[in-house]
Amino acid sequence: MTLASSVASTSAPRVGVLSHPWVRFGLRRLGRLLVSLWVLVTASFLMIHLIPGDPVRAALGPTAPPALVAARRADMGLDDPLLVQYWHYLQHLFTGDLGTSMISQLPVSQIVSQRLPATLQLALLAFLAAVAVAVPLGVLMGVLTRRGHGRRTELAFTTSSVVVGIVPDFLVGVGLVYVFGVNLGWFPVAGNATPEAYVLPVLSLAIGPAAILARIIRVEMVSVLEADFVRTARAKRLPARAIYLGHALPNALTASLTLGGLLLSAMVAGTVLVENVFAWPGLGSTIVSSILNKDYQVVQAIVLVYGVGVLVVNTLVDVALALIDPRSTIRED
Amino acid sequence: MWRRWTSVLRTPLGVAATALTLAVLVLAVVAPMIWTDNANAVDTGNILAGPSGDHWAGTDNLGRDILFRTLVATRLSVELALAATAIAVVAGLVLGTSGFLLGRRAGRLISAGINIAVAFPGILLALFFAVIFGVGATGAVFAIGLAGAPAFGRLTHTLVAGIESRDFVSAARIAGVGRPRILVRHILPNIAEPLVVNATIGAGGALLSFAGLSFLGLGVQQPHYDWGRLLFDGISSIYVNPAAALAPGAAVLLAGLAFNLFGESVAKGLGVGVVGGIPALPPAPPALATEEVSVVEAHHEDTDLVLDVRDLEVTFPGRRGPIRPVRGVSFGVRRGEAVGVVGESGSGKSLTALAVSRLVSETGRVDASRLELLGTDLRASDSRAQRQLLGTSLAMVFQDPMTSFNPTRRMGSQLAEVARHHQGMDRRSALARAVDRLRSVRITEPERRARQYPHEFSGGMRQRAMIGMGLMGTPALIIADEPTTALDVTVQQQVLDLLQAIREADGVALVLISHDVTVVGEVCDRVLVMYAGRIVEDLPAGALATDALHPYTRALVAAVPDMDTDLDQPLAVIPGRPVDPADVPPGCAYAARCPLASARCRTEDPALVDAVPGHRVACWHAGEPIDVEVADREQVRVP
Ligand code: SF4
């Protein structure tokens, strides 16, 4: 009798799909994503209108004939009322139409789809590299510096990882170019033609985040190793490997994942600088040259793509977090 | 305040960062005054030359000296970074305080906006603003400043929210002071310190970001130059003269690190200081008097012992020398016997349990002249055989079932693990056994439950599952440390009944640790009373109510409310405080609280000796009548 009542009190009553924690989590997260997307799209739309002066005149240069400028403005609908333009902008976005480059006359969507894969590759490889280094390093450091151990190791590791973590990716890139390109000649320093050409750009993007991530994982690991459930695992007399990797690590990672997501979205954006160090044929080098050329349609589209990339990453991280640690979906209720 | 700021100088890193920051600032002021001419001098004979005696870092494409240009660029680089930081802080302050000034609804909207903006990386925001404000130094200052604003906005918002609820703010509000005035007079002064610290860190970030924008060609334009611009010009000729890129690169890096680390060090200095090292442990003193050991030996020299503990001591390093919360504990547990351990918190009862099961954290040291489970010496170092014995023969149940399971793993797999590691079962049969064990601890629908996560279990179920986990092996002993304390009163009895049932069915011995004499008296055959890291009385549970001899035991029993107790009255407690393990007095540790204490008690420590067979007590005046008047007078009624 008492048993039955205790069971009944724990399994949540299911009143319709909407009250299911996972559904509510999904809706909440979707809502946040949509609002952020709307803000992003609106900001990218307004960008062109916030630029002082006439963007078409700026792009075509002071010598362009006024008739051409006027025609271009009409093409782009820049003379319509703002709200109408906004409506058209949204409509075009839905059909995948990002406009036409004012300089090259190519469809912007074509430019973006040509350039996007290289940037994605760079960001993803760098993220994988950072995780592949940071997780083992952080776990190892966490075990070595757990309570009552390795004070010196801790100080040395923390100090060096703080310093490495601050160095911006493009400076790492310049250093790598000098050492491995100019001095040793081991790796190419421009383009993405060969697999070797990936090494330096990926490293420049990965080293800083790897240091930050390893530091966070170490801290989490040290605190998780003090947790009650680790004591339970020890009480089960599991081998050290099972305790550290099977019990402590997943929990340390859960806490580190939020930060990992921030790092990943920072890496997406970090490609802008690194691509310019290594003449990488991606979105990052394109956006910079487009800004300098005042090719605002292209800039607008690429800002949008980067922004969407960041939002997607953030959402994925939230979902992954919820899958790994289901409590977090409940907790927010 | 000043002293706290200078605390940054306590670490080597802090000293280095401070020195470097000062050097950068001095250089920013003096370098352009001294070296501007050298930096602009064109040496047509030396275009794009490498480092030489004349030009230490070589020359650029006009033959200008890279080193001087790098030094002179310090001012512009620092100025632009500081300007951008100022914009970020001011804009952040406006954003962060607007919620306070404009009221709740507008505040919510703004903070939602801030949260969205913060999700985008700074460089992306900077590019966005750089497009709007145009290419060039001024545009870049605004771009980087505004890109940093959301982060400062969020910081300010958090800080303001923290201060807002304080008494002095409420008081000012009640007194009719307007919000802007409260903000300026009361709130801003209180959040200034963290803001300044973060602005310092932010300046480092701005310096690096600015170098980034200039490096992209979007920041400073010729003929002006900052470090990023020099880097931009130098990178294209890195094969000809690497120093042209490396010198400004190194300058950016050093300056950025300096500001950043200076800020971080100050932040740390304002927070908690670093704790000093741990003093080395002196060797443990010789164990208790031999007289006592022989008494114990006479008692428990029987082969039926599941657990045999002699002279157990646990020592931790402390700030002022070693602390010994368990000071020589000896007892045995027979097959199927239930032994209760009672005492106040800090009496060493839980630590005794952890020490016996070899789970004391690594900073602690466990010593014993004997520590045997089923005849196997546990003092030997951690071997596979020993792990297997402990893993299958000893079950532990901890106090808090909420935190004692791994939140990220399914219940079934957490139980199955034991069988997989110690009994060599494969995944499937281990899981089948886990389900079976869950059923045996009366968990309904064990198949479904095994696939659930700990948070989907109720507290009582979790504790039963914990017991089930102990039953994965074939335990000879269950050590349960306050197994019901964290549970609802309604399910406490279930858990105790379950333990009782397992004991009766399988002849498993039980050590039940509790602060609750009633629980222990109900469940156990024998009771060990602990005080200040020692056993002060060891008696049959039946003797507890009437025949306890030690004054402390009698006080514990007396403090239990019974049918006659007026439940509206607060419970009686034992007067005085428990002994601090770091500071154990000479003589009987209980003397300060004992109504029977005599002069002898304060100098000589009583040993645990037989009073009657099967009943040991450590007291010079064991069993002497306690003057009820005195006892009553000393009883403190807590409000
Ligand atoms: S030895 Fe003395 S002080 Fe200690 S409990 Fe007995 S009577 Fe009290």
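So that the names make sense, note that chain A is the first sequence line, chain B the second, and so on, each numbered from 1.
- The line from NE2 of His422(B) to CG of Leu238(A) is 5.5 Å long, rounded to the nearest 0.5 Å.
- The part of Leu231(B) that comes within reach of chain A is its side chain, from C-beta onward, which places non-hydrogen atoms under 4.5 angstrom from that chain.
- Both the backbone and the side chain of Arg358(B) come within less than 4.5 Å of a heavy atom in chain A.
- Both the backbone and the side chain of Ala43(A) come within less than 4.5 Å of a heavy atom in chain B.
- The shortest side-chain heavy-atom distance between Arg231(A) and Leu354(B) falls under the 4.5 Å cut-off.
- Top candidate by heavy-atom pairs under 4.5 Å with chain A, chosen from Leu124(B), Leu208(B), Leu359(B), Ile116(B), is Leu359(B).
- The contact between Arg409(B) and chain A is made entirely by side chain atoms (from C-beta outward), counting heavy-atom distances below 4.5 Å.
- Residue with the most contacts toward chain B among Leu50(A), Asp169(A), Ile48(A): Leu50(A) (heavy-atom pairs, distance under 4.5 Å).
- Interatomic distance, OG1 of Thr408(B) versus NE2 of His247(A), reported as 8.5 Å (0.5 Å rounding).
- Residue Ala117(B) does not touch chain A at all, counting heavy-atom pairs closer than 4.5 Å.
- When the candidates Ala266(A), Ser44(A), Gly307(A), Ser285(A) are compared by the number of heavy-atom contacts under 4.5 Å with chain B, Gly307(A) comes out ahead.
- Side-chain contact between Met396(B) and Lys236(A) is absent, with no heavy-atom pair separated by less than 4.5 Å.
- To the nearest 0.5 Å, the span separating CG on Asn276(A) from CZ on Phe232(B) amounts to 8.5 Å.
- The environment of OH in Tyr178(A) is sparse: at most 12 heavy-atom neighbours from other residues, nucleotides or ligands sit within 6.0 Å.
- Looking at Ile123(B), only its side chain comes within 4.5 Å of chain A, counting heavy atoms on both sides.
- Of the listed residues Gly391(B), Pro121(B), Ser404(B), the one with more heavy-atom pairs under 4.5 angstrom with chain A than any other is Ser404(B).
- Only the backbone of Val360(B) has a heavy atom closer than 4.5 Å to any heavy atom of chain A.
- The shortest distance between side-chain heavy atoms of Leu273(A) and Phe215(B) falls below 4.5 Å.
- For Phe229(A) and Phe405(B), the ring centers are positioned 6.0 Å apart or more.
- Across all non-hydrogen atoms, the minimal contact from Pro168(A) to Leu253(B) is CD-CD1, 4.3 Å.
- At a threshold of 4.5 Å between non-hydrogen side-chain atoms, the residues Met466(B) and Thr232(A) count as touching.
- Taking the side chain as every heavy atom from C-beta outward, Arg234(A) and Ser357(B) never approach each other to under 4.5 Å.
- Smallest separation of non-hydrogen atoms from Leu292(A) and Gly217(B): CD2-O, 3.7 Å.
- Of the two parts of Gln493(B), neither the backbone nor the side chain holds a non-hydrogen atom closer than 4.5 Å to a non-hydrogen atom of chain A.
- Between Val252(B) and Leu171(A), some side-chain heavy-atom pair lies under the 4.5 Å cut-off.
- Between Met47(A) and Ile132(B) the shortest heavy-atom distance is CG-CG1, 4.0 Å.
- Atoms CD1 and CG, from Ile166(A) and Leu257(B) in turn, are 5.0 Å apart once rounded to the nearest 0.5 Å.
- A heavy-atom distance below 4.5 Å is not found between the side chains of Leu216(B) and Phe170(A).
- When all heavy atoms of Gly246(A) and Asn406(B) are compared, the closest pair comes out as O-ND2, 4.1 Å.
- Using a 4.5 Å cut-off between heavy atoms, Leu246(B) touches chain A through its side chain atoms alone.
- If you measure heavy-atom distances from Val131(B) to chain A, the contacts under 4.5 Å come from both the backbone and the side chain.
- Atom-to-atom distance recorded for Ser265(A):OG and Phe120(B):CZ is 9.5 Å, nearest 0.5 angstrom.
- Using a 4.5 Å heavy-atom cutoff, the side chains of Leu127(B) and Tyr306(A) are not in contact.
- Only the side chain of Met469(B) has a heavy atom closer than 4.5 Å to any heavy atom of chain A.
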